A.B. asks: 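Take a look at this one; I'll ask things after.
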Protein chains: 4
Amino acid sequence: MATQPTRADARGNRARILEVAEEVFGRGGSAASTEEVARLAGVGIATVFRHFPTKQILVEAVLVRHFDRLCERARGLAESDDPGPAFFGFFGQIVADAAGKLAIIEAFTDAGGDVGGKAAQGPRDLREAVGVLLRRAQDAGAVRTDAGLDEVHALLVGVSRAVAHIRLDERARARALEIVFDGLTPR
Amino acid sequence: MATQPTRADARGNRARILEVAEEVFGRGGSAASTEEVARLAGVGIATVFRHFPTKQILVEAVLVRHFDRLCERARGLAESDDPGPAFFGFFGQIVADAAGKLAIIEAFTDAGGDVGGKAAQGPRDLREAVGVLLRRAQDAGAVRTDAGLDEVHALLVGVSRAVAHIRLDERARARALEIVFDGLTPR
Amino acid sequence: MATQPTRADARGNRARILEVAEEVFGRGGSAASTEEVARLAGVGIATVFRHFPTKQILVEAVLVRHFDRLCERARGLAESDDPGPAFFGFFGQIVADAAGKLAIIEAFTDAGGDVGGKAAQGPRDLREAVGVLLRRAQDAGAVRTDAGLDEVHALLVGVSRAVAHIRLDERARARALEIVFDGLTPR
Amino acid sequence: MATQPTRADARGNRARILEVAEEVFGRGGSAASTEEVARLAGVGIATVFRHFPTKQILVEAVLVRHFDRLCERARGLAESDDPGPAFFGFFGQIVADAAGKLAIIEAFTDAGGDVGGKAAQGPRDLREAVGVLLRRAQDAGAVRTDAGLDEVHALLVGVSRAVAHIRLDERARARALEIVFDGLTPR
DNA sequence: CATGAATGAGAGTTCATTCAT
DNA sequence: TATGAATGAACTCTCATTCAT
């Protein structure tokens, strides 16, 4: 029952569609047309709808996949011996990712408002995972203790969004991060 | 034929349309329909198109107006005797505004990517105005000198966006700002 | 397109669409496409949807109109001095009408199951109107008293449907009616 | 891969498909999807199309089977010693059947208009068989002699349709039949 | 011989935009 | 000048039918 054990390349198509969808929706937002996804994926429109019976489901699937990857990474870092760098590193990585890909993906995500169902779980899981990293970093004295998860999460999303939408060169992005990181560091 | 002929004549249709459009696009994003703008403004759809021949032009006009207001405020503060508070206050105000209204406005704005033409001037002007405030605050020793306009602008947009999209209570928003402000303050 | 002066004949368009729709749905059932209605009416598809925001609403409107006409006729006959002929005449007229036009119209109607909203009122009103004619005919001794409204209504619909779907020549139709009428007459 | 391989092998796919199709089309009309037939039959969609290369062919096959059964019954009764009850009994049985199953089957059937090919033969055969029953009943004095096959057939179809579409309780259905039967009986 | 993934043609519906009043 | 009816293009989604496995 996993995904589609049926045909060999059916899974291939599914994967390709997801990948293309991430790119298309990343660029044009959820307003981008399913038809464009189909075209770029090199399949008929009906094939997209066979794998993802609804546009919303497709969008959700993209989000779920994305957040699953992020969470996985976060959970890996949760056991690090060096909680400070683990936290800041993860923060930085997410922001770096956002630069190219996230775009609208997060436009939905954060609030989780529009997309219900499974997709809403993604942000929630991520939040939780970030919470663990944050707590450990605070316990280790690497992050100021008066910083709550709410605002850290907001900053994470905000900086990612900013970076995703504004063309920011490497150095500027690094300095933006540095500012936030400094703000998060105990004096 | 309009619903409120009184206000219609009083302020002029153009102004009314702009006002309503800001609200409508602020809520539903650029996806919101032009017809809804017309309806809420109490004018016929054709009247909207007479004043703004294209939806894009209408959106741009909304943005321009919005940025003009922001710039005006920024320029007012540029002559303040207290450059530090002026800068931080402006930053905070923009973010506070964003909470309720900006929403999509920024979704277009920031990069200026999608909207060409005049609208692109809005962000640019704002950027410039912020630049002035920043430089003066730096000169006064209230902001670290290695913070460039690029990253400050990015943070401004980013935090605004985060606040606009994430339901963040008062305290969390204040703390998020505090973190960023701390990061901007020289050690 | 061809014949679109505007304004005043918006009502004209609405009427034409309804008329064409009755014919199209009468032929092909509710499965017939809205696009065909538009084409035959000589208007763009969007015009149809402007007047009838949903296909269902369009279908309902057709039904409502049709039933309104029938009811009007029935009510006119309700005051007849000759209740027997009034009842049988109305029965016969409905069946005659059905021959050419009803077709699917009744396919929805009768049960009223599928079409909700206003349309459901149509059949109900008609049923009521027929009930009045029936009672008066029974009081006058022209119709057997053990015939309930349920079965009379069923026969009315049934014979109409039969006539609508089967190519039946004049004489055969007359004889089918005669059989039913004889069955309804007290011995 | 099928859901019930047992039954599948036992009866042969063709038979299973036909059976399921009768039920599915009986419920949802010809609008019901071929895929639903496949699903309920526990076979792949392609298997359905292997046996019945076209949806229309499948529908026709269902009709043919249905009419074959009816005709068989009619022919059995044709030799009855009691032509009156034989005729009326058959009439009643068909109507009773229609209540649950026919639905759309008749929507095509009757006129034979829509479905060409073999299916058209079904109604024709049935008509003929009914003709035999009718003539014998007339010869036996149980049915008025001025009732032609055309109108009897029409009434048969009509009453069946009415009963199939209108929710009619047992008693009302019985009385509707009684009325028609009375109408068919010589005075 | 069976399977189910892939497909294209259409259906309903929406929306920015134009045109006659 | 303001209006709103009309329009076609585009989008989401469905379904009968085909093809590779």
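First the proteins, then the strands, lettered A, B, ... as listed; each starts at 1. Since the model is a prediction, treat every value here as computed from it, not as a measurement.
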A.B. asks: What's the separation between atom OG in B:Ser33 and atom CZ in B:Phe25, rounded to the nearest 0.5 Å?
C.D. replies: 8.0 Å

A.B. asks: Rounded to the nearest 0.5 Å, what separation is found between the CD atom of B:Glu36 and the CD1 atom of B:Ile45?
C.D. replies: 11.0 Å

A.B. asks: Nearest 0.5 Å, what's the CD1-CD distance between C:Ile57 and C:Glu60?
C.D. replies: 6.5 Å

A.B. asks: So, is B:Asn13 near the phosphate of F:dA2, with a side-chain N or O under 4.0 Å from OP1 or OP2?
C.D. replies: yes

A.B. asks: Among the nucleotides E:dT17, F:dT7, E:dG8, which one has an atom lying closest to any side-chain atom of C:Thr47?
C.D. replies: F:dT7

A.B. asks: Return the value, rounded to whole Å, for the distance between atom CZ of A:Arg39 and atom P of F:dT12.
C.D. replies: 11 Å

A.B. asks: Applying a 3.5 angstrom cut-off to the pairing atoms, does DNA chain E sit in any stems of at least three consecutive Watson-Crick or G-U pairs? List them by first number.
C.D. replies: E:2-21 with F:2-21

A.B. asks: May I ask you to evaluate whether A:Thr34 reaches the phosphate of F:dT12, defined as a side-chain N or O under 4.0 Å from OP1 or OP2?
C.D. replies: yes

A.B. asks: Could you tell me how far apart A:Glu36 (CD) and F:dC13 (P) are, to the nearest whole angstrom?
C.D. replies: 16 Å

A.B. asks: Pick the nucleotide of DNA chain F nearest each of D:Ile45 and A:Phe52; which residue has the one closer to the 5' end?
C.D. replies: A:Phe52

A.B. asks: Does B:His51 place a side-chain N or O at less than 4.0 Å from the phosphate oxygens OP1/OP2 of F:dT1?
C.D. replies: no

A.B. asks: Would you indicate which nucleotide in F:dT18, F:dG4, E:dT7 comes nearest to any side-chain atom of D:Phe49?
C.D. replies: F:dT18

A.B. asks: D:Leu18 and D:Phe52: side-chain contact (heavy atoms from CB on, under 4.5 Å), yes or no, with the steps?
C.D. replies: CA-CA 10 Å; D:Leu18 265 182; D:Phe52 307 93; 3.8 Å; yes

A.B. asks: In Å and rounded to the nearest 0.5 Å, what is the CD to CG distance from D:Glu22 to D:Leu58?
C.D. replies: 11.0 Å

A.B. asks: Nearest heavy atom decides the nucleotide; on that basis, is B:Ser33 or A:Ala46 closer to the 5' end of DNA chain E?
C.D. replies: A:Ala46

A.B. asks: Rounded to the nearest 0.5 Å, what separates atom CZ in C:Arg50 from atom CZ in C:Arg14?
C.D. replies: 12.5 Å

A.B. asks: Can you work out whether D:Gly44 or A:Glu35 has the more 5'-proximal nearest nucleotide on DNA chain E?
C.D. replies: D:Gly44

A.B. asks: Working to the nearest 0.5 Å, report the span between NE2 of A:His51 and CG of A:Asn13.
C.D. replies: 5.0 Å

A.B. asks: Just how far, in rounded Å, is C1' of F:dT7 from CD1 of C:Ile17?
C.D. replies: 12 Å

A.B. asks: Quick check on F:dA6: is either OP1 or OP2 less than 4.0 Å from any side-chain nitrogen or oxygen of C:Arg50?
C.D. replies: no

A.B. asks: Would you indicate which nucleotide in F:dT17, F:dC13, F:dA9 comes nearest to any side-chain atom of A:Lys55?
C.D. replies: F:dC13

